[in-house]
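A quick write-up on the structure given underneath.
Naming: A, B, ... by sequence-line order, numbering from 1 per chain.
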Amino acid sequence: MKRIALLASVMIGLWLATSASAQTPTPPPDARPSADDVNRVAANLYCPVCENEPLDVCQTSACVQWKAQIAQFLAEGKSESEIVEIFVQRYGLRVLGEPPATGATLILWIGPIVAALVGGFFVFRIMRRMSRRPAPATSAPAQPSGDEYIDRVERELQQRL
Amino acid sequence: MNEPAPIPSGPPRSAFIAIGAIVVFVLFVAWGLSERNAAQPVSGPAPDFTLELFDGFDGGLGASSVTLSDLRGQVVVINFWASWCIPCEEEAPALEATWRAYRDRGVVFLGVDWTDNYGDALAYLRRFNITYANGPDVGTKIGPRYRITGVPETFVIDRNGNVAFFKPLPITQAELSGLLDKLIASP
């Protein structure tokens with residue numbers, strides 16, 4: 001009987017523990033994220049209205065609204081990648097600081113590397129060809145002219161060259 | 001006995017390839033610069049687009065989206081706007097009043113909401129009692145086709161699908177009415 005009572009008390013204890021953990025308060029869905037949280041997401045986004053200025057430092061009305069929207073999405077529990085995806089879907093790839101390395105924009109990542117490799121190959125070929133080019137032939141020793149003075153000038157010129 | 005023909009000498013093949021690559025690069029940069037500096041269309045065929053409409057803002061078209069080319073035969077007023085745009089607020093009542101005056105005379109108004117929050121955009125439409133067709137520029141694809149540089153910008157398309165008018169400033173009811181009268185009267 002004691003064992004049954006012990007088992008029952010353990011089961012009740014477990015049930016209470018489970019209930020308690022189930023009622024552990026979770027952050028309310030409308031909890032306002034901090035400005036740092038918003039700016040962390042905004043730093044990687046660009047508003048088409050103000051080109052080349054990241055959203056976190058842009059102060060135009062449009063950017064202020066976009067940041068408010070980011071705050072709202074964060075409060076709804078959306079992750080940074082989900083928010084970026086929504087912005088790309090709504091406003092296009094131009095909101096991203098750098099184009100994704102997929103699809104049509106992949107060429108923007110591969111293109112410069114291919115161009116550098118092709119350019120390097122041509123530079124290498126040209127330099128190799130230049131190094132193989134024979135050195136200019138040196139002039140043959142002058143034949144004695146019979147004039148001592150001229151022969152001496154020729155000899156000294158050869159020494160100096 | 002014939003002597004062998006001399007081998008023609010000239011620039012190496014790699015030089016031609018290098019020059020070709022430079023030409024392609026220069027053309028690519030020139031194309032990019034011309035695209036960047038291109039202005040809004042003021043004549044010729046209007047760039048086509050499909051506008052997804054906000055719920056409840058179909059302007060009586062009875063559809064969830066509208067394609068410009070499907071409106072051939074009607075005069076179309078395309079207005080780019082945003083809820084964060086203060087000058088847009090200045091012209092909003094004039095656009096709505098003109099739409100109400102011309103809606104039964106073969107004129108369609110399309111509001112294109114540019115780089116805007118949907119919630120703020122809908123609040124703006126309700127605030128100004130806008131009833132003509134309105135929708136977001138999803139993916140910011142329509143604005144670049146018209147090469148808009150900001151908002152508000154208004155284009156008027158004639159019955160033949162050509163751009164008849166463009167204004168990059170708030171538009172008034174008087175100037176829009178005068179223009180629409182002329183376009184409705186023309187074949």
Problem set entry | Donor-acceptor side-chain pairing of A:Glu76 and A:Gln72 below 3.5 angstrom | yes
For this session: Considering only heavy atoms and a distance below 4.5 Å, find which of A:Gln69, A:Gln65, A:Gln89 pairs most often with chain B.
Result: A:Gln65
For this session: Could you tell me whether the side chain of B:Glu91 reaches within less than 4.5 Å of the side chain of B:Asn79, counting heavy atoms only?
Result: yes
Exercise. Is the closest side-chain heavy-atom distance between A:Tyr149 and A:Arg152 below 4.5 Å?
Worked result: no
Problem set entry | Close side-chain approach of A:Asn44 to A:Leu96, heavy-atom, < 4.5 Å | no
Exercise. For B:Ala174, does its backbone N or O pair with a side-chain atom of B:Ser177 as donor and acceptor, under 3.5 Å?
Worked result: no
Problem set entry | Leading residue by heavy atom contact count with chain B [cutoff under 4.5 Å; candidates A:Ala62, A:Ala68, A:Cys47, A:Gly119] | A:Ala62
Exercise. When only pairs under 4.5 Å are counted, which of B:Asp116, B:Asn117, B:Ile86 shares the most heavy-atom pairs with chain A?
Worked result: B:Asn117
Seminar exercise, completed: Sorted by chain and residue number, the salt bridge (Lys or Arg N to Asp or Glu O under 4.0 Å) partners of A:Asp37 (sequence neighbours excluded) come out as A:Arg40
For this session: Identify which part of B:Asp120 has an atom lying under 4.5 Å from any heavy atom of chain A, answering side chain, backbone, both or neither.
Result: side chain
For this session: Could you check if a side-chain atom of B:Ser43 sits within less than 4.5 angstrom of a side-chain atom of B:Val163, using non-hydrogen atoms only?
Result: no
Exercise. Are side-chain N/O atoms of B:Thr67 and B:Thr50 paired as donor and acceptor at under 3.5 Å?
Worked result: yes
Exercise. With only heavy atoms counted, which part of B:Tyr118 is less than 4.5 Å from chain A, the side chain, the backbone, both or neither?
Worked result: both
For this session: Residue by residue, scan residues 121-160 of chain B and write down, ordered by number, those that have a heavy-atom distance under 4.5 Å to chain A; if none do, write 'none'.
Result: B:Asp137, B:Val138, B:Gly139, B:Thr140, B:Pro144
Problem set entry | Contacting region of A:Phe122 [heavy-atom separation from chain B under 4.5 Å] | side chain
Problem set entry | Nearest non-hydrogen partners of B:Thr115 and A:Val49, listed with the distance | OG1-CG2, 3.7 Å
